[in-house]
Amino acid sequence: MEERKNSHYPAGGNNAPVDENSSAPPHFIRAIIREDLRTGKYQGRVHTRFPPEPNGYLHIGHAKSICLNFGLAKEFGGKCNLRYDDTNPAKEDVEYVESIEEDVRWLGFDWQDRKFYASDYFEQLYRFAVALIEKGAAYVCDLTAEQVREYRGTLTEPGKNSPYRTRSVQENLDLFRRMKNGEFEEGSRVLRAKIDMTSPNLNMRDPAIYRIKKVHHHRSGDSWCIYPMYDFAHGICDSLEGITHSICTLEFEDHRPLYDWFLQQLDIYRPQQIEFARLNVTYTLLSKRKLLQLVNEGHVSGWDDPRMPTLAGYRRRGYTAEAIRNFAEIIGVAKRDSMVDHQLLEYCLREDLNKRAQRVMAVLNPLKVVIDNYPEDQVEEMEAINNPEDESMGKRKVPFSRVIYIERDDFREDPPKQFHRLAPGREVRLRYAYFITCTRVVKDEKSGEIIELHGTYDPASRGGWAPDGRKVKGTIHWVSAQHALDATVRLYEYLFTKEDPGDTEEGRTFLDNLNANSMLERRHCKMEPGLKAAKPGDRFQFERLGYFCVDGPDSSPEAPIFNRTVTLRDSWAKIEKKMQE
RNA sequence: UGGGGCGUCGUCAAGUGGUAAGACACGGGACUUUGGUUCCCGCAUGCGGAGGUUCGAAUCCUCCCGCCCCAGCCA
């Protein structure tokens with residue numbers, strides 16, 4: 001039977017041999033596929049699908065699903081379709097389908113010519129519904145939504161049959177046709193599957209298959225005023241496309257009997273639905289509804305705000321697709337609810353960026369330093385390494401002169417023991433330049449604020465080495481004042497203050513957990529001049545600070561803006577924190 | 001208390017009867033012209049609990065406890 005139904009799909013042959021020594025971590029879905037391949041369940045085919053509803057932007061949770069579905073297909077020499085679950089036009093929009101395609105491509109996956117829409121199948125879906133009516137497995141019900149709820153029963157009590165359950169096939173056919181023709185009001189009638197009102201699984205208590213919605217659809221326009229429900233449409237689409245493994249999240253586990261029921265009733269090819277646990281990440285929210293709310297209420301600048309857990313947000317923030325793919329692999333796939341530490345994502349990010357980001361010097365909180373014994377008009381070009389992890393990235397020249405900026409945090413008037421940066425009388429190395437010693441601190445008389453520092457340099461230490469072999473513990477970054485590029489930097493932190501932003505007390509909402517300091521904009525940061533050539537999306541490591549990228553929408557050559565993607569690990573901050581305790 | 005799932009280190013997660021992988025985090029050390037990177041070392045006498053089967057149990061059996069999901073004409 002299974003054999004026969006599967007027969008119109010190409011038999012194996014397009015599959016690469018399974019690599020038993022694959023370094024990919026084992027998980028239960030891989031195990032199922034291996035077993036199916038071994039037993040020839042689908043003639044050696046592996047065909048998955050990624051089925052987003054175009055009602056919002058894709059987020060990191062979707063990335064897990066995308067990587068799983070496309071990744072499995074690739075791993076086993078199969079295919080993966082992109083299919084929009086666009087059965088509810090009231091919530092969907094073309095803006096979302098465009099963003100979804102951009103995001104999936106950016107992540108590095110390709111659906112080739114297999115882009116589908118549930119709406120592509122509206123005509124067939126309708127015919128399948130008619131077939132169900134004809135075999136007495138579906139009926140038109142005139143109960144109101146509220147009545148349907150009452151008839152459904154509760155978790156512990158069985159439901160009771162709708163008085164319309166016994167309508168004749170002829171009457172059902174007629175009514176359904178008229179529903180389609182727009183003769184009835186929205187909500188007045190619904191087509192239901194005739195299953196079992198006493199089932200302990202509420203999904204089997206005569207679920208709705210079609211509802212009337214006189215709403216314009218972003219693809220089918222106004223040609224339909226009835227739309228199929230997810231449970232009915234999804235399995236049939238999977239079947240029509242010859243999907244072998246229909247992977248979805250845990251909350252659909254209870255729907256599997258229904259998924260199977262429709263396909264069995266219709267006697268069509270049956271893929272298997274497999275459920276895994278959706279992703280949760282600390283300090284972030286992955287609910288489309290709540291993300292939409294953040295956007296609509298202006299708590300963020302949009303779906304692509306760099307603080308958003310959307311792929312568009314992460315991309316704008318400077319994350320790489322490679323890092324996200326690696327993260328998706330490393331977190332594993334299982335059935336238990338879990339909350340992954342955001343630091344794991346950051347680890348994947350740094351690992352990738354460390355290898356590819358060009359190093360550059362930038363001062364975010366500038367403190368002027370005048371090197372008194374350095375010739376007034378002299379400028380030297382110091383040689384700097386672009387990436388110590390990748391020699392092929394070469395070297396560059398950075399101008400040095402008498403007046404420079406250093407990071408305010410790199411100077412302490414009264415330094416603690418373990419502080420080995422600049423302080424009165426102390427010597428430090430200016431990266432790729434000279435050793436300098438601080439000789440004088442100039443303060444504002446009234447406020448006491450440090451305005452500038454004066455110091456001397458050792459001409460013999462050019463490049464950062466002292467010929468007498470003396471050591472300095474600290475190396476700090478700097479930018480020549482007269483050559484500096486003035487730029488704005490946006491420092492981002494978690495959008496929420498709680499590990500689980502959705503965990504709220506009585507009377508509060510996730511909005512109460514918003515981090516008021518999630519974005520700090522610093523103007524007039526000083527950067528080495530070579531950064532003038534940076535283009536939107538370009539990523540850099542600002543030495544000793546973190547990874548940054550040129551913002552897409554807001555940056556311009558006249559007023560460059562850099563987003564902080566992620567900080568570098570900072571063991572000094574840990575030491576300082578420990579000293580305070 | 002109907003049904004469906006799930007409980008292995010702080011967090012993910014392997015393991016499917018032969019004596020608890022790995023990663024992140026954390027702690028310590030080495031190296032360092034980024035307090036970055038890299039490299040070493042440490043980190044579950046125990047797998048939700050209690051019984052039982054077995055030479056041997058995270059893995060099998062029994063009972064119990066806890067957590068998640070389902071009462072949309074959402075997906």
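Each chain gets a letter, A, B and so on, in the order the sequences are listed, and its residues count up from 1. Nothing here was measured: the structure is a model prediction, and the numbers come from that model.
- Atom-to-atom, CD1 of Ile330(A) to P of A25(B) comes out at 10 Å; the value is rounded to the nearest Å.
- For C73(B), neither phosphate oxygen OP1 nor OP2 lies less than 4.0 angstrom from any side-chain nitrogen or oxygen of Thr144(A).
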Starting at the 5' end of RNA chain B, what dot-bracket string do you get if Watson-Crick and G-U pairs under 3.5 Å are bracketed, crossing pairs use [ ], other-strand pairs use | and unpaired bases use dots? .(((((((.[[[..)..(...]]].(((((.......))))).....[[[[[..)....]]]]])))))).....

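- Annotation: U19(B) and U62(B) have their C1' atoms spaced 24 Å apart (nearest Å).
- Rounded to a whole Å, the CZ atom of Arg336(A) is 15 Å from the P atom of C47(B).
- Salt bridge present: Glu241(A) and Arg83(A) bring a charged side-chain N and a carboxylate O closer than 4.0 Å.
- Spacing between atom CG of Asn88(A) and atom C1' of A75(B) amounts to 8 Å, rounded to whole angstrom units.
- Taking side-chain N and O atoms only, Arg350(A) has no distance below 4.0 Å to OP1 or OP2 of U37(B).
- Of the charged side-chain nitrogens involved, none lies within less than 4.0 Å of a carboxylate oxygen, so that Asp570(A) and Arg544(A) do not count as a salt-bridged pair.
- Look at G5(B): its glycosidic torsion is beyond 90° from 0, and that puts it in the anti range.
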Pairs under 3.5 angstrom, nitrogen or oxygen only, protein versus nucleotides 34-36 of chain B, please.
{"from": "U34(B)", "atom 1": "O4'", "to": "Glu543(A)", "atom 2": "OE1", "distance (Å)": "3.3"}
{"from": "U34(B)", "atom 1": "N1", "to": "Glu543(A)", "atom 2": "OE1", "distance (Å)": "3.4"}
{"from": "U34(B)", "atom 1": "O2", "to": "Gln541(A)", "atom 2": "OE1", "distance (Å)": "2.9"}
{"from": "U34(B)", "atom 1": "O2", "to": "Arg544(A)", "atom 2": "N", "distance (Å)": "2.9"}
{"from": "U34(B)", "atom 1": "N3", "to": "Gln541(A)", "atom 2": "OE1", "distance (Å)": "2.6"}
{"from": "U34(B)", "atom 1": "O4", "to": "Arg359(A)", "atom 2": "NE", "distance (Å)": "2.6"}
{"from": "U34(B)", "atom 1": "O4", "to": "Arg359(A)", "atom 2": "NH2", "distance (Å)": "3.0"}
{"from": "G35(B)", "atom 1": "OP1", "to": "Arg544(A)", "atom 2": "NH1", "distance (Å)": "2.7"}
{"from": "G35(B)", "atom 1": "O3'", "to": "Ser571(A)", "atom 2": "OG", "distance (Å)": "2.8"}
{"from": "G35(B)", "atom 1": "O2'", "to": "Ser571(A)", "atom 2": "N", "distance (Å)": "3.2"}
{"from": "G35(B)", "atom 1": "O2'", "to": "Ser571(A)", "atom 2": "OG", "distance (Å)": "2.7"}
{"from": "G35(B)", "atom 1": "O2'", "to": "Trp572(A)", "atom 2": "N", "distance (Å)": "3.1"}
{"from": "G35(B)", "atom 1": "N7", "to": "Arg421(A)", "atom 2": "NH1", "distance (Å)": "2.3"}
{"from": "G35(B)", "atom 1": "O6", "to": "His420(A)", "atom 2": "N", "distance (Å)": "3.1"}
{"from": "G35(B)", "atom 1": "N1", "to": "Gln418(A)", "atom 2": "O", "distance (Å)": "2.9"}
{"from": "G35(B)", "atom 1": "N1", "to": "His420(A)", "atom 2": "NE2", "distance (Å)": "3.3"}
{"from": "G35(B)", "atom 1": "N2", "to": "Gln418(A)", "atom 2": "O", "distance (Å)": "3.4"}
{"from": "G35(B)", "atom 1": "N3", "to": "His420(A)", "atom 2": "NE2", "distance (Å)": "3.3"}
{"from": "G36(B)", "atom 1": "OP1", "to": "Ser571(A)", "atom 2": "OG", "distance (Å)": "3.0"}
{"from": "G36(B)", "atom 1": "N2", "to": "Glu389(A)", "atom 2": "OE2", "distance (Å)": "2.7"}

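- Across all strands shown, Leu143(A) has heavy atoms under 4.0 Å from base atoms, whether or not it also approaches the sugar-phosphate.
- Side-chain N/O atoms of Lys574(A) include one lying less than 4.0 angstrom from OP1 or OP2 on C26(B).
- The aromatic rings of Phe252(A) and His255(A) sit perpendicular to each other, their planes meeting at more than 60°, with 30° as the lower class boundary.
- Under a 4.0 Å N-O distance rule, the pair Lys213(A)/Glu186(A) does not qualify as a salt bridge.
- Residue Tyr230(A) is classed as a base contact, given a heavy-atom separation below 4.0 Å to a base.
- Using the six-membered ring where Trp is involved, Tyr96(A) and Trp303(A) have ring planes that are perpendicular, over 60° apart on the 30 and 60° scheme.
- Here the separation of C9(B) from A20(B), taken at their C1' atoms, is 11 Å to the nearest Å.
- If you measure from atom CD1 of Ile212(A) to atom P of G72(B), you get 19 Å, rounded to the nearest angstrom.
- Close to C73(B), at under 4.0 Å from its OP1 or OP2, lies a side-chain N or O of Arg152(A).
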Nucleotides 66-70 of chain B: which of its N/O atoms have a protein N/O under 3.5 Å away?
{"from": "C68(B)", "atom 1": "O2'", "to": "Asp337(A)", "atom 2": "OD2", "distance (Å)": "3.3"}

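- Comparing the P positions of C31(B) and G36(B) gives an interatomic distance of 14 Å, to the nearest angstrom.
- Cation-pi contact between Arg192(A) and Tyr139(A): absent, since separation from the ring centre below 6.0 Å together with deviation from the ring axis within 45° is not met.
- Contacts classified as ring-ring contact (aromatic ring centres under 6.0 Å, His included) and involving residues 340-360 of chain A (residues at least two apart or in different chains) are given here: His342(A)-Tyr494(A).
- One can place CG of Leu258(A) at 15 Å from P of G72(B), the figure rounded to the nearest angstrom.
- The gap from the C1' atom of A21(B) to that of G35(B) amounts to 33 Å, rounded to the nearest Å.
- In this structure, CD1 of Ile331(A) is placed 17 Å from P of A23(B), rounded to the nearest angstrom.
- Atom name C1', nucleotides G28(B) and C67(B): the rounded distance is 36 Å, in whole Å.
- Among Arg165(A), Lys194(A), Lys160(A), Arg152(A), the single residue meeting the salt bridge (Lys or Arg N to Asp or Glu O under 4.0 Å) criterion with Asp206(A) is Arg165(A).
- Arg49(A) and Ser246(A) share a donor-acceptor pair across their side chains, judged by distance under 3.5 Å alone.
- Note: Phe176(A) and Tyr126(A) have parallel aromatic rings, judged against thresholds of 30 and 60 degrees for the angle between ring planes.
- Note on Met361(A): nothing from the nucleic acid sits closer than 4.0 angstrom, heavy atoms only.
- Val428(A) comes within 4.0 angstrom of no nucleic acid atom, judged by non-hydrogen atoms across all strands.
- Tyr432(A) comes within 4.0 angstrom of a nucleotide base, judged by non-hydrogen atoms across all strands.
- Nearer to the 5' terminus of RNA chain B, by closest-nucleotide assignment, is the contact made by Arg149(A) (compared with the other of Arg211(A) and Arg149(A)).
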Enumerate the protein-to-nucleotides 9-11 of chain B contacts in which both atoms are nitrogen or oxygen and the separation is below 3.5 Å.
{"from": "U11(B)", "atom 1": "O3'", "to": "Met339(A)", "atom 2": "O", "distance (Å)": "3.1"}
{"from": "U11(B)", "atom 1": "O2'", "to": "Met339(A)", "atom 2": "O", "distance (Å)": "2.8"}

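- Nucleic acid contact for Ala208(A): sugar-phosphate only, since backbone atoms but no base atoms lie under 4.0 Å from a heavy atom of the residue.
- Look at CD on Glu329(A): it is 13 Å from P on A13(B), rounded to the nearest Å.
- With respect to the salt-bridge test (charged N to carboxylate O, under 4.0 angstrom), the residues Glu329(A) and Arg30(A) qualify.
- Comparing the P positions of G56(B) and C69(B) gives an interatomic distance of 41 Å, to the nearest angstrom.
- Counting non-hydrogen atoms under 4.0 angstrom, Lys471(A) reaches nothing in the nucleic acid.
- To the nearest angstrom, P of C74(B) lies 16 Å from NZ of Lys288(A).
- Aromatic ring centres of Tyr434(A) and Tyr457(A): separated by under 6.0 Å.
- Taking the six-membered ring for Trp and the full ring otherwise, the centers of His217(A) and Phe122(A) sit less than 6.0 Å from each other.
- Applying the side-chain hydrogen bond (donor to acceptor under 3.5 Å, both in side chains) definition to pairs two or more places apart or across chains, those involving residues 280-292 of chain A are Asn55(A)-Lys288(A).
- Between Glu183(A) and Arg177(A) there is no salt bridge, since no side-chain nitrogen of the basic residue lies less than 4.0 Å from a carboxylate oxygen of the acidic one.
- Salt bridge Asp468(A)/Arg470(A): present, at least one basic N to carboxylate O contact under 4.0 Å.
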